[in-house]
**Q** 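One structure follows; several queries about it will come next.
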Amino acid sequence: MGIGNAAKKAEASARKKVGTKEKAEVSAPLTGFEERSATLRIYVKDKALLKEAKLAALEDDTSLSQLWEEWAMEWLKNRKN
């Protein structure tokens with residue numbers, strides 16, 4: 001899948017959500033991020049992995065930041081056990 005196709009899919013997905021407040025809230029995982037955000041730079045050696053992850057996140061209407069945050073919380077929870 002080319003980047004152009006991913007952008008078209010994201011645009012079409014955004015158009016479907018217009019007018020439904022409930023869906024807009026679900027698709028905005030970083031709502032209110034201004035109060036709780038911090039910057040983290042992650043260096044990924046495998047460029048293909050990073051590209052695949054970015055495209056998959058775009059297709060799933062999420063962000064790499066949200067995926068990382070969910071992964072980190074789950075990892076920390078499992079680490080305590």
Side-chain angles (χ1 to χ4, degrees):
M1 168 202 273
I3 291 177
N5 288 341
K8 288 177 187 175
K9 278 188 170 184
E11 192 175 314
S13 177
R15 271 190 250 120
K16 286 181 191 174
K17 292 178 183 170
V18 172
T20 58
K21 186 176 181 181
E22 183 180 320
K23 283 187 178 181
E25 289 174 5
V26 171
S27 68
L30 298 179
T31 300
F33 73 93
E34 297 88 1
E35 294 105 30
R36 61 179 182 88
S37 69
T39 300
L40 170 68
R41 291 185 184 198
I42 298 177
Y43 296 93
V44 179
K45 291 179 183 180
D46 187 344
K47 289 181 183 181
L49 172 66
L50 181 58
K51 183 176 181 177
E52 188 175 345
K54 284 181 178 181
L55 290 173
L58 182 64
E59 289 171 356
D60 289 352
D61 285 335
T62 190
S63 66
L64 289 180
S65 296
Q66 183 65 30
L67 293 174
W68 185 89
E69 188 173 323
E70 291 169 4
W71 169 80
M73 287 188 293
E74 186 67 26
W75 179 73
L76 288 170
K77 184 177 88 175
N78 289 336
R79 189 171 176 266
K80 290 179 183 179
N81 294 331

**Q** Quick check for you: to the nearest 0.5 Å, what is the distance between K54 atom NZ and L49 atom CG?
**A**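 K54 NZ to L49 CG: 11.0 Å, rounded to 0.5 Å.
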**Q** Given the rule that I, L, V, M, F, W and Y join up when any side-chain heavy atoms are under 4.5 Å apart, are M73 and L40 in one cluster?
**A**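 M73 does not cluster with L40.
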**Q** Could you pull out the closest heavy-atom pair between S63 and A57, with the gap in Å?
**A**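 Looking at all heavy atoms of both residues, the shortest contact is C-CB, 4.2 Å.
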**Q** In the single-linkage hydrophobic clustering (I, L, V, M, F, W, Y; side-chain heavy atoms under 4.5 Å), do L58 and L50 co-cluster?
**A**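 No, separate clusters.
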**Q** According to a 4.5 Å side-chain heavy-atom criterion applied to Ile, Leu, Val, Met, Phe, Trp and Tyr, with indirect links allowed, do L67 and W71 form part of one hydrophobic cluster?
**A**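 Both belong to a single hydrophobic cluster.
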**Q** Any link between W75 and L64 through a network of hydrophobic side chains (Ile, Leu, Val, Met, Phe, Trp, Tyr) touching at under 4.5 Å?
**A**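 Yes, W75 connects to L64 through the hydrophobic network.
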**Q** Sub-3.5 Å donor-acceptor pair from the side chain of D46 to the main-chain atoms of A48, do we have one?
**A**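 Side chain of D46 to backbone of A48, a donor-acceptor pair under 3.5 Å: yes, one is there.
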